[in-house]
Protein chains: 2
Amino acid sequence: MSSENIPLLEKENLDLPQKRGRGRPPKDESSKDEGNRRLELINCAARLFRVNGFAATSTRDIASAAHMHSGSPFYHFESKQALLFEVMQSGMHSAMARQNQALNTLSGHPCQSNAKEQLRCLIRHHFEVLLGTGNDFIPVMLYEFRSLDTHQQAVISQLQRQYEAPWIPVLNELYQHQLLSCPVKMARLLIFGALNWSVQWYSAQQAASLDELTDSAILLFLHPHTPSSK
Amino acid sequence: MSSENIPLLEKENLDLPQKRGRGRPPKDESSKDEGNRRLELINCAARLFRVNGFAATSTRDIASAAHMHSGSPFYHFESKQALLFEVMQSGMHSAMARQNQALNTLSGHPCQSNAKEQLRCLIRHHFEVLLGTGNDFIPVMLYEFRSLDTHQQAVISQLQRQYEAPWIPVLNELYQHQLLSCPVKMARLLIFGALNWSVQWYSAQQAASLDELTDSAILLFLHPHTPSSK
DNA sequence: CCTACCGATCGGTAGG
DNA sequence: CCTACCGATCGGTAGG
């Protein structure tokens, strides 16, 4: 006879090292592969959420794109919504880090004369975040905010404020020197709108480059410095 | 005397509030009533699509909002997608009619000097279309375009081009007079983005009025006319 | 426009 | 991470 008579409770003693119970993996060692699988899930989810929207994307679609079976995403994430939240959070942290890097390439002295260059740098980087190849995370964040619950929305809003924080002194500077005529708070909302909307119409094949987009935006928003006002 | 002899086909006696005229409408007004019910469906669908998105809104949600039972929307529309398409089409036709009315209130002579006033008029009306109370149709069109099939997208794109047509000569005029520094094609895309994005942040309670929004947008986009450039 | 219903699909889970 | 599965819900329909 066989192991059929072994009581169920004793089967737990058969656990091998690689087996663990259900649920997400512990954060510690040995999870390099699992971290890769988790990252692959996030990347696939970001793309599908961007293309089809959150509600129209099934967890089966995501699993299939990541070469998993239908139930497996729930080994890494407790729910579809938690996966969306993770996409947005990691996208924002990455975008903020790259924005700070971009700003650091400019001169270390934030003097008045280069506020225009700082704005150009911020706009150029934001177009990269929105339109760069493989950058699906921020568009998802922008267009699926309502799919989060209240607490998640509060977290993402806080990250958005952090991301926008470097823009405010730059816009203030430009406003004080009359390169910007619109009050700063409203200018920030309208400028971000103009940039964020580009994900709706930009096509890398036929349209302008991101540098050309940036030039156009600067021309639209900033007034030429009239010599008499020097 | 009560409901004793009424044969109940329903296996459940639902306690829904009974509306008048559950049976057939009077013959000579049947088309009018059906038109009203159809319009109510469109209005309810527009609001729900705007608040929750197309994919996250069920046809049962729409039926309930219109005080119908679950299968009844399909008496008026062949599919959920056809209802979305109708929302967008009727919204665009209404918006175009009102845009033309707004333009007609301006002076009948489209001379160069009032191009700025024409742009202000177009922007002010567009904010009304986006943010006015009960105007859910255009936001739905802007944010659910991908939920249409290819043919429907082509129809809506054509309507969008018609809606934007009056903007182009105005922007050309402003560009030629250096009130606008950004090339017109790009300016149009960026300006519509700035305006369209307002549905993401505008709150009628706490924010500026639509007139103030319009003033800010004009300040942001149009350069002051330097006397020397005449 | 309602009643009653269907097949498909969904998010998620138990157990290994 | 897979296998097998569940209850809920979905868009849509037949017939009146």
Side-chain angles (χ1 to χ4, degrees), chain A residues 3-4 6 8-26 30-41 45 48-49 52-64 66-84 147, chain B residues 6-14 16-27 29-41 45 48-49 52-64 66-84 147:
Chain A
S3 61
E4 288 175 356
I6 296 176
L8 279 175
L9 286 177
E10 287 186 13
K11 281 189 177 178
E12 294 182 352
N13 295 331
L14 300 177
D15 285 358
L16 297 173
Q18 69 271 20
K19 178 190 179 295
R20 60 168 63 90
R22 293 188 62 258
R24 275 128 280 127
S30 85
S31 56
K32 181 188 174 187
D33 267 11
E34 291 187 352
N36 286 341
R37 303 298 282 146
R38 182 186 151 94
L39 278 181
E40 196 171 340
L41 270 176
L48 289 168
F49 288 159
N52 304 317
F54 173 73
T57 301
S58 72
T59 57
R60 282 166 175 80
D61 295 335
I62 299 166
S64 175
H67 306 99
M68 293 178 186
H69 286 71
S70 66
S72 302
F74 298 97
Y75 171 74
H76 296 280
F77 297 94
E78 68 175 0
S79 69
K80 182 187 175 188
Q81 194 183 40
L83 178 49
L84 173 67
S147 299
Chain B
I6 299 175
L8 289 179
L9 293 178
E10 308 126 334
K11 61 180 178 183
E12 292 178 354
N13 190 3
L14 299 177
L16 293 176
Q18 291 299 311
K19 284 179 60 74
R20 54 203 166 17
R22 256 304 150 81
R24 284 191 184 176
K27 292 182 175 67
E29 292 188 2
S30 66
S31 66
K32 179 192 173 188
D33 267 13
E34 290 186 356
N36 286 341
R37 303 298 282 148
R38 182 185 152 94
L39 278 182
E40 195 171 340
L41 270 177
L48 289 168
F49 288 159
N52 304 318
F54 174 73
T57 301
S58 72
T59 56
R60 283 166 173 79
D61 294 336
I62 299 166
S64 175
H67 305 100
M68 293 177 185
H69 285 72
S70 67
S72 301
F74 298 97
Y75 171 74
H76 296 278
F77 297 93
E78 68 175 0
S79 69
K80 182 187 173 188
Q81 193 183 41
L83 178 48
L84 173 67
S147 299

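The chains referred to below are lettered A, B, ... by the order of the sequence lines, with proteins before strands, and numbering in each begins at 1.
Residue A/F74 contributes atom CZ, which lies 9 Å from atom C1' of C/dT13 at whole-angstrom precision. In this structure, the CD atom of A/Q81 is 18 Å from the P atom of C/dC10, given to the nearest Å. One can place CG of B/L83 at 11 Å from P of D/dG11, the figure rounded to the nearest angstrom. Atom OH of B/Y75 is separated from atom P of C/dC2 by 11 Å (rounded to the nearest Å). We find that NE2 of A/H69 is positioned 15 Å from P of D/dC5, with the value rounded to whole Å.
With 3.5 Å as the limit, one finds a donor-acceptor pair spanning the side chains of B/S58 and B/D61.
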Could you walk me through whether A/M68 and A/R60 pass the side-chain contact (heavy atoms from CB on, under 4.5 Å) check?
CA-CA 9 Å; A/M68 293 178 186; A/R60 282 166 175 80; over 6 Å; no

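Taking a pair to require two hydrogen-bonding distances under 3.5 Å in either a Watson-Crick or a G-U wobble arrangement, D/dG16 pairs with C/dC1. Pairing for C/dT9 is with D/dA8, a Watson-Crick or G-U wobble pair whose two hydrogen-bonding atom distances lie under 3.5 Å.
Nearest-nucleotide assignment on DNA chain C puts the 5′-proximal partner with B/L41, out of B/L41 and B/R60.
Within 4.0 Å of A/S72, counting heavy atoms only, lies at least one base atom of the nucleic acid.
Listed candidates were C/dG11, D/dC1, D/dG11. Nearest to the side chain of A/R37 is D/dC1.
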